[in-house]
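Read through the structure below, which is laid out as structure tokens, and then see the notes.
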Amino acid sequence: MSQVIERKNPAPLTKSFEPQAFESATYQFWNEAGCFEASDTNAPGQQSFCIVIPPPNVTGVLHMGHALTNTIQDTLVRWRRMSGDNTLWLPGTDHAGIATQTQVEKAIAKEGKGPTGRPLTRHDLGREKFLERTWKWKEEHAGEITNQLKRLGSSLDWKRERFTMDEGCSAAVREVFVRLYEEKLIYRGERIINWCCRCQTALSDLEVIPTDRKGNFWHLRYKIVEKNGTPVKNPEGTLAELIIATTRPETLLGDTAVAVHPEDERYTHLHGKFAVLPLLGRMIPVITDSYVDREFGTGALKITPAHDFNDADLGQKHSLPIISVMGKDGKITAEGGPYVGLKFAEAREKVLADLEAQGLLVKKEDHAQKVGLCQRCDSVAEPMISKQWFVKIEPLAKPAIEAVETGKIEFSPKNWEKTYFEWMRNIRDWCISRQLWWGHQIPAWYCSGCEGVTVSRSAPQKCSSCGANASQLKQDEDVLDTWFSSALWPFATLGWPQKTQALQTFYPTSILETGFDIIFFWVARMIMMGIHFMGEAPFKKVYLHAMVRDEKGEKMSKSKGNVIDPLVLINEHGADPLRFTLTAMAGQGRDIKLSVDRVEGYRAFANKLWNATKFFHLQFEEAQGGVLPEPKGGAAAWLEAHRSSLSPANRWILSRLQHCTAAVEKGFAQFELNESANALYEFVWKELCDWYIEFSKTPLRQGGNAREQSLITLGHVLEQTFRLMHPIMPFVTEELWQSLPWKRSANTPARVREGKPAVMTLMFQTFPKAQDAWVDVKAEQTMRQLQNIVEAIRNFRGENNISPKVEFGVGYTTTSDSVPAFLKEHHAEILALCRIQKLELVSASAAGQEFEAVIPIAEPLMELRISLSGLVNVEEEVKRVKKEMEKVGADLEFVRGKLSKESFTAKAPPALIEKERQREREFSEKLTELSSALSKLEKLSGKTP
RNA sequence: GCGAGCGUAGCUCAGCGGGAGAGCAUCGCCUUCACACGGCGGGGGUCGCAGGUUCAAUCCCUGCCGCUCGCACCA
């Protein structure tokens, strides 16, 4: 007999659900037993299932978005693991270039002053020292987010944890860079990019957030002249000029043309002429282009190719010169003539003042405009020409578009595919160089001798162009966009560029789960790189979850102070309730407004399950000899063997378990986790606790076979429920499962092969499959009938405000032959659930006495008769009956109306018509009963003073 | 401007062709031996508005209105 890993010192179940008591220990048990570890190879016939975690920032802290995505992923991973797959969920963190560098910069700024008395900057430390500091910072903070992921219950294979700047990932980055360079898909060029003057780095288009700003529209006067400088005149003899509206007057310093629409008749006579650039006096051509909108502004446009994306395109089209007047330092360059050295904002003021002085400023209007802000620091990002590294994206985008078009990759919800296509089909080259220090330094070396560029996987020995030795070579100081390494994540983490077994087994990964906000940043780029380097898309399915917002629907942000910290919720209520909440709300196509109330509600749910299990133990321990021995072959086999002799209630709950199992499985498989969660909630609370356990109390107290049968059924149903619920609520289900008397250890195929011991854990138990054989229509019908009777009596009690302490007798009449036997069989349960003294058949003649309430029931066909004397106020009962009659009357009227329409009876499906006729009969009978009861009551109340 | 989503009970959401559901909140009764993190019962909605298709529309179609979110921006 091989060894089994068991949890040490199991504690008895506490009085109620107290997650703090066991969550951490449970996680530790799983982790130490190696439950999270995948195998590099699949067992024969086994499938692999792999998700790579969207790597959180290495120095970040867990926020609700993380909690959501990791709960969803963990749920899927646990489900697949229990279903028998070789399951790998690969953990890791991202170096997060700008974010991390900024944190460290802030830290050193606080530490001391530089030589001139200002706070220390990274430049005071120098690159090497600064990087040392950042690595140290990373080591100190990296544990926080991973510990938080553990608190959430994430079953990540920690032995495979990766970091985007670890040796392997760095090697992958260099490999990709070199290959793309060799394929001419990476190039270095002088192009217009977004520049953040505060962060002092280039940004990609995506890192710039267009933001509404109140601005102004200044109308400027450009005089028009011939090439030789003679003023041009208008047809009516006045001097020709162009009035141009602009929101950024300071950029005029870099204007190299003005443009009008070719068919704009106002300006036809200016075609081919020149404009005199205000302030600088430069002559620039008047060009025509249909890009110009005649309706907007004055219909004339100034063109500044160096500082505007659209102008850059026009400039290229018309071969215009490019004049950079704004520098990376946020100041006007020497090209700006008298304005050199001014900050942009100062330059604007001065330019406007000078224009005004020269009479060239026509007017100023208010104007709402969008300004691009740096995603990281919110300062204005200026478009400017700069020498940067770019990825030529179109050749990479093409197959990535095709992969989604042909369905090799599917997005869910599907409508995101449209968004993906939109962006991918209009994609611009990707600026990948960043003027930061924290990141993958670009593997390009410049030769001081020949100015040649050497791109290499490792530090080159000599210049690839002129052969000069290494001392002449200097590596590019810039680093790569953080998303460059993230794009390689699905294969770099599996060992690429080595040909590893893990890569073979787990690539392509099964699914990607992430937020829609990073479709472009991350998802699209992973698809492009995956296809290009692996020949295959990195995942088959992309699941995109909604945004987590606060309970008012606002985005959570620190500045608004509306952030709900998942760790606070975990500490207070446990990880499971939070996970259940997120899962239950993860329905697609809607933002998730998280409310703490909801979490509390699901904590109550966990408590409910806890107490149901305690109920089982209580009953179990009372069994003869203290402990009921495990049935031979286990509970399931026992139930199978005794199926025909099981009570209706037992058959019912086993049948309902199949429905629940099917729903949970379907929800997981279709990525509708909320469906799974809701099915479980309904089943556990309503069916198992409210009905089954209440029903089972009678046989359990009865003892003997009845008790044994119910105990085994309840134990089995609970055990199966724990399995079904485990992917969503791993901690509490494991804790409760461990408490069960008949549990068995289990193992995964891979562990067996590797000689690893089995583990006594719910994590490795087989995920249930719905079994049609256990679906019992008859038992469900029986239970429905019993529920109808019980509810009718409870309703009578409730509406008449009769205390549960008051017991009374109930009689009934029926025209059905089977009802008396049916009620006799379930006599005890009905009495217990309704807290009544007796339920007995009364003859039709004995019935009909005046002191009775009459409660008609359609299924089973019968009438309850309850003697009112001393029980209720007759007037109250009159009210109740009247209310009931109104309801039934309205129903009847509706059904009759429907049936009276010939169009309905002619065209509706026959089955439906029959159903409606049936309903009509029922309502009508019910109404007759009620009205006769009412007339009796009214007579009675008339007699009473 | 283009694209997507959402408007259902006081709140948060499910449902999406046959007369509207849940949780929380609320009201009434109950400390009944798993659970007051509980039980039982009640009240509460012309399913954003207007048309159309259909025997039948919260559900399908069209148009509006309102709220989000992408993309592109008109300089």
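For clarity, every value in this text was computed on a predicted model and none was experimentally measured. Below, chain A is the first sequence line, B the second, and so on; all start at residue 1.
The CG-P distance, from A:L544 to B:A4, rounds to 17 Å in whole Å.
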What are the atom names and distances for every N/O pair under 3.5 Å that joins the protein to nucleotides 30-32 of chain B?
{"unit_1": "B:U31", "atom_1": "OP1", "unit_2": "A:K805", "atom_2": "NZ", "d": "3.0"}

Report each atom pair, protein N/O against N/O of nucleotides 41-48 of chain B, whose distance is under 3.5 angstrom.
{"unit_1": "B:G42", "atom_1": "OP1", "unit_2": "A:N795", "atom_2": "ND2", "d": "2.9"}

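Annotation: of the two residues near RNA chain B, A:K302 and A:N678, the 5′-most nearest-nucleotide partner is A:N678. Position along RNA chain B of the nearest nucleotide to A:L688 versus A:E675 favours A:E675 as the more 5'-ward residue.
At a cut-off of 3.5 angstrom, the base of B:A34 holds at least one donor-acceptor pair with the side chain of A:E694.
Rounded to whole Å, the P atom of B:G63 lies 30 Å from the corresponding atom of B:G10. Spacing of P atoms, B:C11 relative to B:C49, comes out at 16 Å, to the nearest Å. Using atom C1' as the reference point in both B:A25 and B:G44, the two lie 11 Å apart (nearest Å).
When distances run from any side-chain atom of A:S903 to the nucleotides B:G39, B:C55, B:A75, the shortest one goes to B:C55. Of the candidates B:G19, B:A75, B:C35, B:G19 carries the atom nearest the A:K898 side chain, counting heavy atoms from C-beta on. You'll find that the side chain of A:W685 is closest to B:G39, out of B:C37, B:G39, B:G19. Ranking B:C69, B:C29, B:C33 by closeness to the A:R701 side chain, first place goes to B:C33. Checking B:C73, B:A34, B:A75 against every side-chain atom of A:T247, the shortest atom distance belongs to B:A75. Of the candidate nucleotides B:C40, B:G23, B:G70, B:G23 has the atom lying nearest to any side-chain atom of A:Y681. Of all nucleotides listed (B:A75, B:G18, B:C37), B:A75 comes nearest to the side chain of A:T246. Residue A:D597 has its side chain nearest to B:C24 when only B:C24, B:G19, B:A36 are considered.
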Would you mind writing out the side-chain donor-acceptor pairs for residues 786-794 of chain A within the sub-3.5 Å range, not counting sequence neighbours?
{"unit_1": "A:N788", "atom_1": "ND2", "unit_2": "A:R784", "atom_2": "O", "d": "3.4"}
{"unit_1": "A:N788", "atom_1": "ND2", "unit_2": "A:E859", "atom_2": "O", "d": "2.8"}

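With pairs defined as Watson-Crick or G-U wobble and both atom distances under 3.5 Å, the stems of at least three pairs that touch RNA chain B come out as B:1-7 with B:65-71, B:10-13 with B:21-24, B:26-30 with B:38-42, B:48-52 with B:60-64.
Nucleic acid contact class of A:D891 (heavy atoms, under 4.0 Å, all strands): base.
Between the side chain of A:R221 and the backbone N or O of A:L242 there is no donor-acceptor pair closer than 3.5 Å.
Put simply, A:F904 does not rest on the base of B:A56: the two rings are not both less than 5.5 Å apart at their centres and under 30° in tilt.
By the salt bridge (charged side-chain N to carboxylate O under 4.0 Å, His left out) test, A:K883 pairs with A:E799, sequence neighbours left out.
Sequence neighbours left out, the pairs with a member in residues 297-308 of chain A that pass side-chain hydrogen bond (donor to acceptor under 3.5 Å, both in side chains) are A:T251-A:K302, A:D255-A:K302, A:D255-A:T304, A:K302-A:T304.
Ring geometry, A:F516 versus A:W416: the interplanar angle falls under 30°, so the pair is classed parallel (tilted spans 30 to 60°).
No donor-acceptor contact under 3.5 angstrom links the side chains of A:E902 and A:T905, judged on distance only.
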